[in-house]
Amino acid sequence: MKSFVRYSELFGKTFRQPPKDESSRNAQLLEQAGFISKLMAGVYTYLPLGLRVLNAVKDVIRREMDALGAQEFYMPALQPKEIWEKTGRWKDLSDIMYQFPDHSGRQVGLAATHEEVITHIVKQRITSYKDLPLALYQIQDKFRDEPRAKSGLIRGREFSMKDLYSFHADEKDLDSFYNRVAASYLSIFSRLGLQALMIEAAGGSFTKRFSDEFQVISDAGEDRIIYCPSCHFAQNSEIAEQKAGGPCPKCHGSLSEKKGIEVGNIFKLGTKFSDSIGATFTASDGSTHPLIMASYGIGPGRLVGTIVEVSNDAQGIIWPKSVTPFQIHLVQLSKGLEEKKKTERLVHDCLNAGLTILLDDRVASAGVKFKDADMVGITARMVISTSNENQLEVKIRNESASKKMNASQAIEFVKNYYAE
RNA sequence: CGGGGAGUAGCGCAGUGGUAGCGCACUCGCUUUGGGAGCGAGGGGUCGCAGGUUCAAAUCCUGUCUCCCCGACCA
């Protein structure tokens, strides 16, 4: 990705007003600031700025997945009906899965999830306990014909998902990997500046067991969480036996109900899919067993929406430094030839320091540039102008005061800020 | 799928039967330049779509599509 972009050339500038046909905070801000563009309900284009954020979120996830020892791969979204019939989910998911005939009349579908295909592939290539455990993940778009897409990037019909699948020879191995993934998920959310709670929830069409959800408390959420403020005990209200106002089963504090955005969900699948697809392995004693499986999902697009939902102010978005589309929003207020040269030297020095820069080089008033910088929400802003001889102004988006310093101090300051 | 709201210029809006306008944005010129500058001159429209009523429809009638919100639903 380009590390230096001129705002004058950027596709996707700010709008003066928020779009009329969005009322969720995340969609309003992301559309107004030029990150996304709606094509239809629940389907959005990521404009250059939005794609940079989405990719940054994916990178945070990739680093954690790779650290778990999982291998990245990529499955098709277009899938034949037959494989879904083996598990009975062609019918079970027919309300939510896009299913249609191709030119020859053959029934195909767009993937709402990938358990069927992954199990099919693993069946072909895994035969021995020596190949286990195995963990594979992909980041790909999923398609769900939601009865009601809503809340901008929170509930879409086409949306990015990171799905990880693990395969084990026994339950004990599954449990230990599952716990590692759970810890890894908490680390991902924390790197993204989100406080996520891991809570018990229903298993849906995946498993009869409970699953574990990761919820970020927010009024924009659609799930109701029974939550204990003192010990952080939490359950999805769909399975909770306790009620708001009642005593917490762990610490006897008083339970409250909060809304949460589900940013991740992990399932112990057991042998549900390997049984129906016939994916088995040979154990050390020569006996044959179905693979024991789990699947783990995170929605990168939904995370972008969630971050905006919980991190903004009246002026616009406030990106956490881990996913800011650029590291520096450089506001150029002077336009003299000498000043432009100074700006170019500064850009050059920033690039040498490994920093990414969005330069607002437009012929526009200072007010417009400041408003837009706040709207776009890049973590660090630098101002270069004639009124401050040899001084730059550095301001962190979520702090109120700016600091004056010379160019090399400013670069050092910003570099250290991101390194922390 | 039930209830509510909304579709008019790129964005936000006004326009209750006489052939479409405002602000912002855009283009050109001049002046401005530290928190959404000023003046002047321009360009941009199948009024969501279809049918109907009428001499005449953005406006009235019928149907339909789309978007937002609440609910139902939610791998």
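A note on names: the letters A, B, ... follow the listed sequences, proteins ahead of strands, and every chain is numbered from 1.
Of all nucleotides listed (B/rA37, B/rG34, B/rU8), B/rU8 comes nearest to the side chain of A/K20. Listed candidates were B/rG34, B/rC67, B/rA37. Nearest to the side chain of A/A366 is B/rG34.
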Write down the protein N/O and nucleotide N/O pairs, taken from nucleotides 20-30 of chain B, whose separation is under 3.5 Å; answer none if there are no such pairs.
none

For nucleotides 70-73 of chain B, tabulate all protein N/O to nucleotide N/O atom pairs closer than 3.5 Å, reporting atom names and distance.
| residue | atom | partner | partner atom | Å |
| --- | --- | --- | --- | --- |
| B/rC70 | OP2 | A/R148 | NH2 | 2.4 |
| B/rG71 | N7 | A/R148 | NH1 | 3.2 |

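Both distances falling under 3.5 Å, in either a Watson-Crick or a G-U wobble arrangement, place B/rA41 opposite B/rU27. Across all strands shown, the partner of B/rG21 is B/rC13, judged by Watson-Crick or G-U wobble contacts whose two distances both fall under 3.5 Å. Applying the Watson-Crick and G-U wobble criteria (two distances, each under 3.5 Å), B/rU62 pairs with B/rA50.
Checked for salt-bridge contact, A/R89 and A/E116 meet the test: a charged N lies under 4.0 Å from a carboxylate O.
Of the side-chain N and O atoms in A/K38, one or more sit less than 4.0 angstrom from OP1 or OP2 of B/rC68. Here A/S365 reaches the OP1 or OP2 of B/rA37: one of its side-chain N or O atoms lies under 4.0 Å away.
Side-chain contact between A/D212 and A/F267 is absent, with no heavy atoms from C-beta onward closer than 4.5 Å.
From A/K81, atom NZ reaches atom CZ of A/R106 across 11.0 Å, with rounding to the nearest 0.5 Å.
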